[in-house]
A.B. asks: 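Before we start, here is the structure in question, set down as structure tokens.
Note that this is a predicted model, so its numbers are computed, not measured. Note that the numbering runs from 1 along the sequence shown for the chain. Both counts, for ligands and for their atoms, begin at 1 and track the order of listing.
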Amino acid sequence: MSHASNASAYEVNFDGLVGPTHNYGGLSYGNVASQSNCQVASNPKEAAKQGLAKMKALMDMGFKQGVLAPQERPNVAVLRSLGFAGTDAQVIEKAAKEAMPLLVASCSASSMWTANACTVSPSADTADGRVHFTAANLNCKFHRSIEHPTTSRVLAAMFASEQHFAHHPALPAVSQFGDEGAANHTRFCKGYGDAGVEFFVFGSSAFDNRFPAPQRYPARQTLEASQAVARLHGLSDEAVVYAQQTPAVIDQGVFHNDVIAVGNGEVLFYHQDAFLNTDKVLAELSDKLARRGTNFQAVCVPREVVTVADAVKSYLFNSQLLSRADGGMLLIVPEECRHNANVWGYLQRLTNSNGPIREVQVFDLKQSMQNGGGPACLRLRVALKEYELAAVNQGVIMTPALHDTLNIWVDKHYRDRLSENDLADPQLLNECRTALDELTQILKLGAVYPFQLA
Ligand code: SUG
């Protein structure tokens, strides 16, 4: 079956290619999977292949698929900025001896979760008619806060045309402007090329104490960050809705909104406990979309059927909701959904009902899932008109040939086992640089990594 989008505009999913240092560092307090798999040995080769298999499956179904390159790790420059000196090998050796947590953070392959790379507003929504990108500062976690400089260079190399694309640097790196990118941003629309409504979900406010904060785990996204992104992108008030996540669900492990809700086209699929003031939020979405000729549909999963704990464990909502050519929607879920009786039972009933979601497909993404990253974390959605898609660097658009080349590249360069001790091996840095140098040629990115720019 072909799943092409409408003729003149597409949603393109840019998946993060898992990097060669994928490991379980236990780095994300508030992310239950990351904490509970701390120091389990990882398999970077398998992780990269699981991701590539998902990209290929979507491409084979007729969806537009792209790929986003991983980052240079270990990040020696960051270790130098923290006072470790000498040759690159000495920097790694000293960090391993004196401050292992810093070496682990500098090795994280966390840029694979490209839903956190940036926030994207399609050209139909923005004041200047260009597609706008704001790199996420990911300020809440040290290992993620070091991603945005390279993310910005990679995005600029992918979306280079100034006529069509506008790039904004990450917001100021302070907690008041904590920004986690598209994981807390959903766009509703009729067709991907039509003016839509952008839905920003935040965890707390930096300056306004009317918004209750979670007690146990940090809220990573602030209202003020979301508002700044909307301003930078030139979105009108009519094109924006803000909502606060329920603080209690953050305290249960919902560290991004995409762990408890997903939207596509005219549909929001969400858990009953996802938002504060849900009725008001849904009414505003419905109202603003109606003014754009769009018939908003909300599909609520009741807490009696699927608990927040079920959602966090199974990652039901960290799914990809995709529009098939026949108008029905397809939900791409992780294997863990099949292992949860409440969730799996619910999904059977959902697809047999008369609702918009007609089909479920299951993917094995265990390597990523063990760090709290499901199908939706692994992809950045960019809605593009035909001529904008033509202006994208074609080296990053997935084709059967690129898929095969990347699989061979992974086989050649990736290890199949990585534990904490291995991160101290200076040879790992050389392996990664050799692999990434080849990758930038495969993807036609030019020089984007610090070791290439030095
Ligand atoms: O930021 N995990 C990531 C997972 C990000 C998931 N993305 C979305 N929900 N969109 C995070 O918590 C764990 C790394 C480690 O522990 O090794 C990590 O960074």
A.B. asks: Do the non-hydrogen side-chain atoms of F14 and V67 ever get within less than 4.5 Å of each other?
C.D. replies: no

A.B. asks: Is the contact between N31 and ligand 1 made by the side chain, the backbone, both, or neither, using heavy atoms and a 4.0 Å cut-off?
C.D. replies: side chain

A.B. asks: So is G26 polar-close to ligand 1, meaning N/O to N/O under 3.5 Å?
C.D. replies: yes

A.B. asks: Going by heavy atoms in the side chains, are L331 and Q361 under 4.5 Å from each other?
C.D. replies: no

A.B. asks: Under 4.0 Å, heavy-atom basis, I'd like to know which part of A115 is in contact with ligand 1: side chain, backbone, both or neither.
C.D. replies: side chain

A.B. asks: Which residue and atom name correspond to the protein heavy atom nearest atom 10 (N) of ligand 1, and how close is it?
C.D. replies: D258 OD2, 2.7 Å

A.B. asks: Between K49, K45, Q50, H22, which is the residue that forms a side-chain hydrogen bond (donor to acceptor under 3.5 Å, both in side chains) with Q367?
C.D. replies: H22

A.B. asks: Starting from atom 6 (C) of ligand 1, what is the nearest protein heavy atom, named by residue and atom, and what distance separates them?
C.D. replies: C377 SG, 3.2 Å

A.B. asks: Distance-only check: which donor-acceptor pairs under 3.5 Å involve side-chain atoms of residues 256-263, not counting sequence neighbours?
C.D. replies:
| from | atom 1 | to | atom 2 | distance (Å) |
| --- | --- | --- | --- | --- |
| H256 | NE2 | N116 | ND2 | 3.4 |
| H256 | NE2 | E180 | OE1 | 2.7 |
| D258 | OD1 | N318 | ND2 | 3.3 |

A.B. asks: What do we get for E180 next to ligand 1 when only non-hydrogen atoms under 4.0 Å count, side chain, backbone, both or neither?
C.D. replies: neither

A.B. asks: What protein heavy atom lies closest to atom 19 (O) of ligand 1? Include the residue and the distance to one decimal.
C.D. replies: H143 NE2, 2.7 Å

A.B. asks: For K288, which residues count as a side chain to side chain donor-acceptor pair (under 3.5 Å) partner, sequence neighbours excluded?
C.D. replies: E284

